[in-house]
Amino acid sequence: MTDQTLAELERIRKDIESLDHDIVALVARRLDLCRAVAPLKMSAGLEAHIPHRVQLVIDRWMSHAVERGINPELMRSICGQIIAEGETLQIEKMQQAESSS
Ligand SMILES: O=C(O)C(=O)C[C@]1(C(=O)O)C=C[C@@H](O)C=C1
């Protein structure tokens, strides 16, 4: 491998690392928003899991994936897991609010 190839590989790896950092930060922000929604859903008498919303959000992720030429099934899987984690956090927050009321 030439020095130039190695330098290019290193540069791209740094870009990947930086993007990974941003992706984690975005997921954390999204989960914070999901947590923030919990009291509103409680006062509206809504459950954490809302199937038609889940479908809508997953469809949107998959459609963005198709637009960007990446595998929509990958996005279905990632999005499904992120939504499930948000729902878990909402349920925890709802249970905490119930037990302290
Ligand atoms: O739309 C909501 O009610 C949310 O709480 C957000 C969200 C999501 O992560 O997009 C989370 C849980 C619901 O089942 C559906 C959607």
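Read the numbers this way: they start at 1 and go in the same order the structure lists the ligands and their atoms.
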Visitor: Between Lys14 and Glu17, does any NZ, NE, NH1 or NH2 come within less than 4.0 Å of an OD or OE carboxylate oxygen?
Guide: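 Lys14 and Glu17: not salt-bridged.
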Visitor: For residues Ala48 and Ile91, report the shortest heavy-atom separation together with the two atoms involved.
Guide: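 So the two residues come closest at CB-CG1, 3.6 Å.
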Visitor: For residues Val57 and Leu46: do they belong to one hydrophobic cluster (side chain heavy atoms under 4.5 Å, members Ile, Leu, Val, Met, Phe, Trp, Tyr)?
Guide: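 Per the 4.5 Å side-chain linkage, Val57 and Leu46 are not co-clustered.
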Visitor: Less than 4.0 angstrom from a charged side-chain N to a carboxylate O is my criterion; do Asp32 and Arg29 meet it?
Guide: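 No, no charged N to carboxylate O under 4.0 Å.
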Visitor: Main chain of Glu73, side chain of Ser77: is a donor-acceptor contact present, judged purely on distance under 3.5 Å?
Guide: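 Not confirmed, Ser77 side chain does not pair with Glu73 backbone.
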Visitor: Checking the side chain of Gln90 only, and the main-chain atoms of Cys34 only, is there a donor and an acceptor separated by less than 3.5 Å?
Guide: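 Side chain of Gln90 to backbone of Cys34, a donor-acceptor pair under 3.5 Å: yes, one is there.
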Visitor: Strictly under 4.0 angstrom, heavy-atom based: which residues surround ligand 1?
Guide: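 Correct list: Arg30, Cys34, Val37, Lys41, Ala48, His49, Ile50, Arg53, Val54, Val57, Ile83, Glu87, Gln90.
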